[in-house]
Amino acid sequence: MTEGYRIVEATLADVETIVRHRKNMFFDMGQHDMDVLNEMMNSFQPWLVEKMSKQEYRAWFAIAEDGSVSAGAGLWLMNWPPGLYTSEPWRGNILNVYTEPEHRRRGLARRLVTATLDWCGAKRIHVVILHASNEGRLLYEALGFQPTNEMRLILSGQSFACD
């Protein structure tokens, strides 16, 4: 199904496409407040440029026969303390997996995530995490990802007094 598409690694020249994919990904997941999305984009772009410049963020695109970017996936290389699963200092965090609507259901996300995992394996990055949307969960489970015990707290000005 993915014949006619080629996978290429993104460069700094592709930052705007990655930012647009991230915005569209969150929009498709239900975030329709354009002020929130624009604020996120304005903060994400300089972060992305910095991380790509340091080669701590890698990205891959699926390119259609007409040369257009049909889908993308990113990998944030996070410096992580040695733990139970690896003593290596890097953990991969897959993010910004997005497929343009007219190219969906062709296996592009699977190819991009697989390319990302192959890159991690070649670089000896043994732990890879991601946050799955409801739409992506089955794909990630099919690729071997397992739910973990991560919890989240978003601090918004409250204080936590210890008595």
Side-chain angles (χ1 to χ4, degrees), residues 1-32 34 36-80 85-86 88-146 148:
M1 261 170 96
T2 60
E3 300 87 30
Y5 294 89
R6 58 190 170 87
I7 305 300
V8 301
E9 191 163 359
T11 68
L12 268 171
D14 299 308
V15 163
E16 295 207 10
T17 300
I18 297 168
V19 171
R20 181 176 48 79
H21 278 182
R22 184 172 175 83
K23 177 184 177 183
N24 292 344
M25 177 190 70
F26 281 115
F27 185 88
D28 288 354
M29 289 190 304
Q31 176 53 263
H32 297 153
M34 293 310 289
V36 169
L37 289 172
N38 289 331
E39 183 177 331
M40 181 269 307
M41 288 174 53
N42 291 336
S43 298
F44 177 65
Q45 186 161 346
W47 178 89
L48 180 62
V49 168
E50 176 189 348
K51 295 298 181 189
M52 287 185 83
S53 296
K54 294 179 177 179
Q55 299 203 12
E56 292 177 2
Y57 186 96
R58 312 298 287 241
W60 289 265
F61 291 142
I63 306 294
E65 287 180 341
D66 67 3
S68 64
V69 176
S70 303
L75 175 69
W76 172 24
L77 300 171
M78 302 166 41
N79 194 319
W80 203 264
Y85 303 107
T86 182
E88 298 296 321
W90 296 102
R91 179 173 289 198
N93 186 342
I94 295 176
L95 64 162
N96 300 328
V97 178
Y98 179 76
T99 303
E100 298 288 348
E102 63 273 18
H103 297 277
R104 291 181 181 164
R105 304 280 178 237
R106 298 181 188 180
L108 297 176
R110 177 182 297 274
R111 275 188 65 191
L112 287 163
V113 172
T114 300
T116 304
L117 295 173
D118 287 345
W119 188 92
C120 287
K123 299 297 182 184
R124 301 180 47 95
I125 296 169
H126 301 292
V127 177
V128 180
I129 62 172
L130 56 77
H131 292 120
S133 67
N134 291 334
E135 294 79 17
R137 190 168 304 282
L138 288 176
L139 165 64
Y140 302 128
E141 288 174 353
L143 290 171
F145 284 87
Q146 299 175 352
T148 64

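A quick note: this is a predicted structure, and the numbers were derived from the prediction, not measured.
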Grab the two heavy atoms, one from Ala10 and one from Phe61, that are nearest each other, plus how far apart they are. CB-CE1, 3.7 Å
Do Phe145 and Ile94 come close enough that some side-chain heavy atom pair is under 4.5 Å? yes
Considering non-hydrogen atoms only, spot the tightest contact between Ala62 and Leu108 and give its length. CB-CD2, 4.0 Å
Side chains of Leu130 and Leu95 in contact at under 4.5 Å (non-hydrogen atoms): no
Hey, is the main chain of Glu88 close enough, under 3.5 Å, to the side chain of His126 for a donor-acceptor pair? no
CG/Asp28 to NE2/His21 distance, rounded to the nearest 0.5 angstrom? 11.0 Å
Once you round to the nearest 0.5 Å, how far does CH2 of Trp80 lie from OG1 of Thr86? 13.0 Å
Met34 side chain reached by Lys23 side chain, heavy atoms, under 4.5 Å: yes
Between Met25 and Val97, is there a side-chain heavy-atom distance shorter than 4.5 Å? no
Looking only at side chains, do Asn93 and Tyr57 share a donor and an acceptor under 3.5 Å apart? no
For the pair Trp76 and Trp47, name the ring-plane relationship: parallel under 30°, tilted 30 to 60°, perpendicular over 60°. perpendicular
Identified side-chain contact (heavy atoms from CB on, under 4.5 Å) counterpart of Asn96 within the set Val19, Ile18, Leu75: Ile18
Glu9 CD to Asp14 CG distance, which is reported to the nearest 0.5 Å: 10.0 Å
Close side-chain approach of Val8 to Arg6, heavy-atom, < 4.5 Å: yes
Interatomic distance, OG1@Thr116 vs CD1@Ile7, rounded to 0.5 Å, equals 9.0 Å
Between CZ of Arg58 and NZ of Lys51, what distance do you get to the nearest 0.5 Å? 14.0 Å
Spatial distance of atom CZ (Arg104) from atom CD (Glu135) [nearest 0.5 Å]: 8.5 Å
Cation-pi check, Arg111 to Tyr5: give yes when NZ or CZ is under 6.0 Å from the six-membered ring centre and within 45° of the ring axis, no otherwise. no
Can Arg20 and Tyr98 be counted as having a side-chain donor-acceptor contact under 3.5 angstrom? no
Flag the pair Glu39 / Val36 as yes when at least one side-chain heavy-atom distance between them is below 4.5 Å, and no otherwise. no
Between Arg91 and Ile129 (side chain of the first, backbone of the second, donor and acceptor by atom type, cut-off under 3.5 Å), is there such a pair? no
Donor-acceptor check, side chain of Ser68 to backbone of Ser70, threshold 3.5 angstrom: yes or no? no
Over all heavy atoms of both residues, which pair between Ala132 and Arg137 is shortest? Give the atoms and the distance, please. O-NH2, 3.4 Å
